[in-house]
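Reviewing the structure listed below.
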Amino acid sequence: MKKDFLCLSDWSRAELDGIFALTRELKEKQKRGEPHRLLEGQTLGMLFEKSSTRTRVSFEVGMFQLGGHALFLSSSTTQMGRGEPVKDTGRVMSRYVDGIMIRTFSQEAVEELGRWSDIPIINGLTDMYHPCQVMADLFTVIEHKGAIEGLKYCWIGDGNNMANSWINAAAVFGFELRVATPKGYEPHPEVVARAKAAGASILYTDDPAQAAAGADVLNTDVWASMGQEQEQKEREKAFAGFQIDGGIVSAAAPGCIVLHCLPAHRGEEISNEVIEGPHSVVFDEAENRLHVQKAIMATLMGSRL
Ligand code: CP
Ligand code: NVA
């Protein structure tokens with residue numbers, strides 16, 4: 001039975017810990033230059049309906065390092081962009097490739113692709129979630145702080161796909177997450193409700209300093225996500241004050257780390273001083289996309305060897 005990676009809350013703590021253990025092993029092997037061709041001869045199809053730097057490059061390089069191959073397919077140059085149904089794309093791709101990574105708008109489309117494909121599907125970002133990024137974020141936390149447990153986490157900014165995936169992570173891993181967004185830009189209410197029903201401690205405020213007080217991990221993302229470009233000006237007004245700057249870092253725990261999935265807009269959601277400063281681990285975080293996604297692909301596609 002194939003398994004997809006569409007949303008963190010579809011996976012158990014033990015399964016995600018297994019992915020982190022494999023990530024560690026693959027990262028060490030890659031650093032030592034040792035072969036780790038777990039997906040020899042396999043192909044990943046990468047479907048993109050939105051822009052990307054990190055996701056595209058890390059998945060493609062990751063497949064190469066695992067002994068496989070990746071195909072970049074954009075909606076503008078495939079029949080997807082001309083309206084071919086997801087259920088047909090899924091059935092056709094299943095005959096050619098061994099797994100699909102998709103970046104698109106609707107989470108429902110990704111779920112539909114999963115239902116109509118015989119091969120594993122990986123969510124490379126939707127409007128709703130960005131699970132691979134949050135896995136890389138959590139792995140970065142483990143590397144810098146030793147463990148996921150026993151830390152206070154804080155999200156400041158838009159209640160977007162990243163915030164929703166962090167809320168899912170809080171439920172799966174059982175950590176406290178404080179979320180500060182402007183009113184009207186809260187995370188998805190159903191995601192919050194499901195996480196709370198699963199026992200997650202999600203504390204909401206519209207005061208960034210209150211959310212940051214004593215936090216070990218500070219995290220933010222752009223004010224206007226892909227697809228919201230026309231809202232940029234109104235969002236700049238609504239999000240004024242929701243910036244991770246020196247004041248927010250001072251309110252956090254002394255050894256706090258600052259995460260940002262990138263790309264960042266310096267002077268908006270994060271100050272230049274903070275992203276370039278000693279608490280920032282954003283480039284380790286970006287690197288970990290490669291390692292964690294190799295472990296995700298090997299876990300999902302490895303059994304097909
Ligand atoms: N963080 C992230 O997913 O970056 P890209 O949009 O460049 O893929
Ligand atoms: N929230 C951002 C993340 C980009 C990696 C977006 O969806 O554009």
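We number each residue from 1, following the sequence as shown. Everything numeric here is computed off the predicted structure, so don't read it as measured data. Both ligands and their constituent atoms are indexed starting at 1 by order of listing.
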| remark: heavy-atom search around atom 4 (O) of ligand 1 in the protein gives Arg54 NE, 2.8 Å
| request: Could you tell me the residue and atom name of the protein heavy atom closest to atom 8 (O) of ligand 2, and the distance to it rounded to 0.1 Å? | output: Met226 N, 2.8 Å
| message | Looking at Tyr129, is its backbone amide N or carbonyl O close enough to the side chain of Asn164 to form a donor-acceptor pair, meaning the two atoms are under 3.5 Å apart? | response | no
| task | Ignoring hydrogens and angles, state whether a donor on the side chain of Arg103 or Thr55 is under 3.5 Å from an acceptor on the partner side chain. | result | yes
| task | Please confirm whether Leu262 comes under 4.0 Å of ligand 1, counting heavy atoms of the residue only. | result | yes
| request: Please identify which atoms of ligand 1 are closer than 4.0 Å to at least one heavy atom of Cys261. | output: 1 (N)
| message | Counting neighbours of NZ on Lys3 that are heavy atoms of other residues, nucleotides or ligands and sit closer than 6.0 Å, is the number greater than 12? | response | yes
| query | For atom 2 (C) of ligand 1, what's the nearest protein heavy atom and its distance? | reply | Arg289 NH1, 3.3 Å
| query | Are any of the heavy atoms in His130 under 4.0 Å away from ligand 1? | reply | yes
| note | atom 7 (O) of ligand 2 has as its nearest protein heavy atom Asn161 ND2, 2.8 Å
| Short N/O distance, under 3.5 Å, between Arg103 and ligand 2? | no
| field | Identified side-chain hydrogen bond (donor to acceptor under 3.5 Å, both in side chains) counterpart of Glu49 within the set Thr104, Thr78, Thr126 | value | Thr104
| request: May I ask you to decide if Val57's main-chain N or O and Arg289's side chain share a donor-acceptor pair within less than 3.5 Å? | output: no
| request: Please state whether Leu262 comes within less than 4.0 angstrom of ligand 2, counting heavy atoms only. | output: yes
| field | Within-cut-off N or O pair, Met226 and ligand 1, under 3.5 Å | value | no
| task | Return yes when Arg56 approaches ligand 1 closer than 4.0 angstrom through a heavy atom, no otherwise. | result | no
| field | Gln228 and Asn160: side chain donor to acceptor below 3.5 Å | value | no
| Hey, is ligand 2 close enough to Met162 that some N/O pair sits below 3.5 Å? | no
| task | Number the atoms of ligand 2 from 1 as they appear, then name those within less than 4.0 Å of a heavy atom of Leu125, with their elements. | result | 3 (C), 4 (C), 5 (C), 7 (O)
| Would a distance-only check, ignoring hydrogens and angles, find a side-chain to backbone donor-acceptor pair under 3.5 Å from Glu229 to Gly227? | yes
| Between Glu269 and Thr220, does any side-chain donor sit less than 3.5 Å from a side-chain acceptor? | no
| Donor-acceptor pair between Glu287 and His291 side chains, under 3.5 angstrom | yes
| field | Where ligand 1 meets Thr53 - atom numbers and elements under 4.0 angstrom, heavy-atom basis | value | 5 (P), 7 (O), 8 (O)
| message | Suppose I only count heavy atoms of Asn160 and a 4.0 Å limit; which atoms of ligand 2 are within that range? | response | 1 (N)
| request: Could you find the nearest protein heavy atom to atom 6 (O) of ligand 1 and give me its residue, atom name and distance? | output: Arg103 NH1, 2.8 Å
| message | Using a plain distance cutoff, I'd like to know if Lys50 has any nitrogen or oxygen under 3.5 Å from a nitrogen or oxygen of ligand 2. | response | no
| Side chains of Arg82 and Gln79, donor plus acceptor under 3.5 Å | yes
| task | Would you kindly say whether Asn161 and Gln107 are connected by a side-chain donor-acceptor distance under 3.5 Å? | result | no
| query | Starting from atom 3 (C) of ligand 2, which protein heavy atom do you reach first, and at what distance in Å? | reply | Asp221 OD2, 3.5 Å
